[in-house]
Structures are given as structure tokens and as C-alpha cells.
Amino acid sequence: MKVIMLGAPGAGKGTQAIKIADKYGIPHISTGDIFRYNIKNNTELGKKAKTYMDQGKLVPDELTCDLLLDRVAKDDCKNGYILDGYPRTIPQAEVLEKALNEKGDSIDFAINVNVPDDNIVNRMSGRRTCPQCGETYHIVYNAPKKEDVCDKCGSALIQRDDDKPETVQKRLAVYHEQTEPLVEYYKNKGKYKEVDGTKSMDDVFSDICAILG
Ligand code: AP5
Ligand code: MG
Ligand code: ZN
């Protein structure tokens, strides 16, 4: 099964993608996580990506598409995968589609986790993430058992650099301009599904499972 998670920054793509990956036994691939991993390890890619991410802009397609194609060519992707944060532009979607078409393959669903802009800033300001294992929390909606400590691995939680309110506004603007056109793109392909992302995390997950079967 090959699934794409669409949605604004902070809509809950990552939260849901982790649950889906767990239930269906397929890898969760987040281009944002891959970039953050590279930033943490100070790689060339990380240095380049950081200048865009800190401004709330998209990393250019030249740096993103090959990275994604290499990742989905790995052995663990044989039975499918869940993409979180890719594609984010029409050219990125076309690159993926072409690569899959060449193998007589295609994605199964593009699921849009729909959350209005008003809710987003609130979610982002409360988000905390684990720099070690990648687990995501929210200080109100999904608090760790011990304040600012990861339940899974015990590391100190951090706030993401791009979760400052000004940067969140910029990311939202970029989303509407460059990523939202993918809704029409996947509607036209007959792959588009939408869930109400303002529901509780568990209810959103049930709605997604009902689509995936
Ligand atoms: P990326 O890491 O993908 O960030 P994003 O799309 O902005 O999305 P987020 O990770 O912020 O949100 P999410 O939807 O995963 O929500 P989450 O589950 O955490 O990308 C970061 C940057 O990298 C981009 O800006 C860009 O520069 C670059 N980049 C990445 N991919 C790229 C690409 N393909 N091309 C170009 N550039 C790329 O949830 C948010 C919060 O809400 C959490 O605190 C969570 O606990 C809480 N929450 C979740 N669900 C619920 C719920 N139902 N109710 C209440 N709270 C909830
Ligand atoms: Mg995410
Ligand atoms: Zn952790």
C-alpha cells in the first residue's frame, strides 16, 4: 500500500503517519525528518536545507526529489510506504508518478488531513518534539508523562526552530500557494480522500483506517 499524507503544516500528518505505519507494517517516510536529521548531523544537504526551512520556505525540488526516489527504492519499501510531507509541489508529484509508472505502479491514496488555518498556529505553539527518536507531543492535546521529557527514550524535548509564530505564518502561506494545488491534482487522478483533522487524534485515525481498509 502506498499512501500520501497531504495537509497544512501542523495538520497532524506526522502524528497519523506514525500510527498508520505501525498498523500496516510499512515505513513512514517524512522528508522533513530526513532534512532535520541531516541538519543535526551537519551534512552538506543539511546546511543547504536549513537556510530554506528556517525561513519557512520549501527546500528546492532539485534537493528533494532524488532524495525521495532513493528512499522509496530501498528494500523496506517493497510492500509500500506512507509519505509524509512529500510531494509538496506539482513537479514533485510528477517525478514520483513517473518513477512509479515506469514500474507499472501507482500510489493508492492521497489523504488530506484538513485543518483550518486558525487551529494551526495554536497546535504549532504547543508542539514539542524529541530530537533523539522523533516522537511528537503537544503540551495540551498529547502531553508527555513527565514535562519536557520523551516517554519513549527519556531525552529532553525541544521546540522546532520553524515553529515560531512568524515562521508558521510563512509556512501556511507557502502551503496554500505551492502545496494545496495537489488537492486538485489527486482529485483528477481519482486518488483523493479527505478527513476532518480537527477531530481527536484517535478519531482522525479511525477515519483514515476506514479509507485504507
Ligand atoms: P515538515 O517536517 O514536513 O513540516 P510540515 O509539513 O510543516 O508539517 P509539520 O511536521 O509541522 O506538521 P504535521 O502535519 O506533521 O503535524 P504533527 O503531526 O506534528 O517540513 C518542514 C520543512 O521541511 C518545510 O517547511 C520545508 O522547508 C522542508 N520540507 C519538507 N519536505 C519537503 C518537500 N517535500 N519539499 C520541499 N521542502 C520540504 O502535529 C502538529 C501538532 O499538533 C503536534 O503537537 C501534535 O501533537 C498535535 N496534533 C496532531 N493531531 C492532533 C489532533 N487531532 N488534535 C489535537 N492536536 C493534534
Ligand atoms: Mg510532521
Ligand atoms: Zn524520544
Side-chain angles (χ1 to χ4, degrees), residues 4-20 28-39 45-46 48-69 71 82-93 95-96 111-115 119-144 148-163 167-168 170-175 178-179 182 195-208:
I4 290 169
M5 302 300 291
L6 295 175
K13 302 182 294 296
T15 301
Q16 297 300 331
I18 290 169
K19 288 169 176 277
I20 299 165
H28 162 219
I29 301 175
S30 156
T31 39
D33 286 350
I34 297 173
F35 290 135
R36 280 184 290 276
Y37 175 84
N38 277 274
I39 291 171
L45 173 66
K48 285 184 194 152
K50 184 171 168 44
T51 60
Y52 298 96
M53 289 170 72
D54 282 353
Q55 298 176 62
K57 293 182 181 164
L58 294 185
V59 177
D61 291 345
E62 308 85 87
L63 295 177
T64 309
C65 295
D66 289 346
L67 176 92
L68 190 278
L69 292 186
R71 179 63 190 88
I82 166 121
L83 298 185
D84 159 17
Y86 186 102
R88 266 184 145 93
T89 62
I90 300 276
Q92 289 185 14
V95 165
L96 175 64
I111 301 179
N112 186 18
V113 183
N114 199 358
V115 176
N119 302 30
I120 296 285
V121 180
N122 170 29
R123 281 201 188 176
M124 301 304 232
S125 59
R127 173 162 59 184
R128 299 291 180 273
T129 58
C130 175
Q132 201 56 42
C133 74
E135 191 71 6
T136 298
Y137 300 88
H138 190 283
I139 53 173
V140 178
Y141 309 120
N142 180 24
D148 288 334
V149 176
C150 180
D151 291 348
K152 269 197 177 165
C153 74
S155 302
L157 300 178
I158 56 159
Q159 192 161 19
R160 253 169 59 176
D161 286 343
D162 58 350
D163 279 352
T167 317
V168 170
K170 174 69 188 168
R171 285 162 63 198
L172 271 173
V174 166
Y175 167 76
Q178 300 191 54
T179 306
L182 290 171
V195 293
D196 177 357
T198 64
K199 293 186 185 175
S200 74
M201 290 174 203
D202 289 344
D203 287 347
V204 177
F205 185 55
S206 313
D207 291 350
I208 293 175

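One-based numbering, in listed order, for ligands and for the atoms of each. The first residue of the sequence shown is numbered 1, and numbering continues consecutively from there.
When atom types are taken as modelled, the side chain of Gln16 and the backbone of Met201 share a donor-acceptor pair closer than 3.5 angstrom. In this structure, Thr167 contributes its side chain and Asp162 its backbone to no donor-acceptor pair below 3.5 Å. At least one donor-acceptor pair under 3.5 Å links the side chain of Arg88 to the backbone N or O of Gly85.
For Phe205, the CZ atom counts as densely surrounded, since its 6.0 Å shell holds more than 12 non-hydrogen atoms of other residues, nucleotides or ligands. Few gaps surround CD on Glu135; more than 12 heavy atoms of other groups in view lie less than 6.0 Å from it.
Between Cys153 atom SG and Cys133 atom SG, the angle centred on the Zn ion (ligand 3) amounts to 120° (nearest 10°).
At a threshold of 4.0 Å, the pair Lys19-Asp202 counts as salt-bridged, since one of the basic side-chain nitrogens sits closer than that to a carboxylate oxygen.
Each of Ala8, Pro9, Gly10, Ala11, Gly12, Lys13, Gly14, Thr15, Thr31, Gly32, Phe35, Arg36, Met53, Lys57, Leu58, Val59, Thr64, Gly85, Tyr86, Arg88, Gln92, Arg123, Met124, Arg127, Thr136, Tyr137, His138, Tyr141, Arg160, Asp162, Arg171, Gly197, Lys199, Ser200, Met201 has a non-hydrogen atom positioned under 4.0 Å from some atom of ligand 1.
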